[in-house]
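Report on the following structure.
Please read all numbers here as calculations on a predicted model, not as lab measurements. Sequence positions, counted from 1, serve as the residue numbers for this chain.
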Amino acid sequence: MIEASVRALGHFIALAANLSLLSDVILIGEGMTLFELVEQTVRDTILECRDPLASTVTLLLDDSGFGAWARGAAVVAIPYSLRGMELR
């Protein structure tokens, strides 16, 4: 099951890069500390699924974790709270 999930991540990254015509992908989250265990499979899957004429996908890893996510969420929420608006 883990292998299928790892390959699905590689497929998703390749698909997103193919559709957006972008080659830099940032991976962030609490699980990034475990990424080194599956990194080669993800990269191999991206190569298999990436358009052969497209540029190579560059994976940028951010292991800053929950604190960075929480700050980002606060940045989005603060303007709404200052204006008395509801988040949707």
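- Across every non-hydrogen atom of Arg50 and Ala14, the tightest pair is N-CB, 4.0 Å.
- If you chain together hydrophobic residues whose side chains sit under 4.5 Å apart, Leu47 and Val42 never meet in one group.
- With rounding to the nearest 0.5 Å, the separation of CD1 in Ile28 from CZ in Phe35 is 13.5 Å.
- No more than 12 heavy atoms of other residues, nucleotides or ligands shown are found within 6.0 angstrom of CD1 on Ile2.
- Within the model, atoms CD1 of Ile46 and CD1 of Ile13 stand 4.0 Å from one another, a figure rounded to the nearest 0.5 Å.
- Atom CG of Leu27 sits about 9.0 Å away from atom CD of Glu39, to the nearest 0.5 Å.
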Val25 and Thr58: CA distance, side-chain angles, deciding distance, side-chain contact (heavy atoms from CB on, under 4.5 Å) verdict: CA-CA 6 Å; Val25 175; Thr58 301; over 6 Å; no
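- Here CG of Asp62 is found 9.5 Å from CG of Leu60. Values are rounded to the nearest 0.5 Å.
- One finds no salt bridge joining Glu48 and Arg43 here, because no Lys/Arg side-chain nitrogen approaches an Asp/Glu carboxylate oxygen to under 4.0 Å.
- Annotation for Cys49 and Asn18: closest pair O-ND2, 3.2 Å, computed over non-hydrogen atoms.
- Counting heavy atoms from C-beta outward, Leu34 and Leu37 have side chains that approach closer than 4.5 Å.
- Hydrophobic clustering (side-chain heavy atoms under 4.5 Å, transitive across Ile, Leu, Val, Met, Phe, Trp, Tyr) groups Leu61 together with Val57.
- One finds the CZ atom of Arg7 at 8.0 Å from the OG1 atom of Thr41 (value rounded to the nearest 0.5 Å).
- Between Val6 and the choices Asp44, Thr45, Val38, the side chain to side chain contact (heavy atoms under 4.5 Å, CB included) rule is met once, by Val38.
- Considering all non-hydrogen atoms of both residues, Ser23 and Thr56 come closest at CB-O, 3.4 Å.
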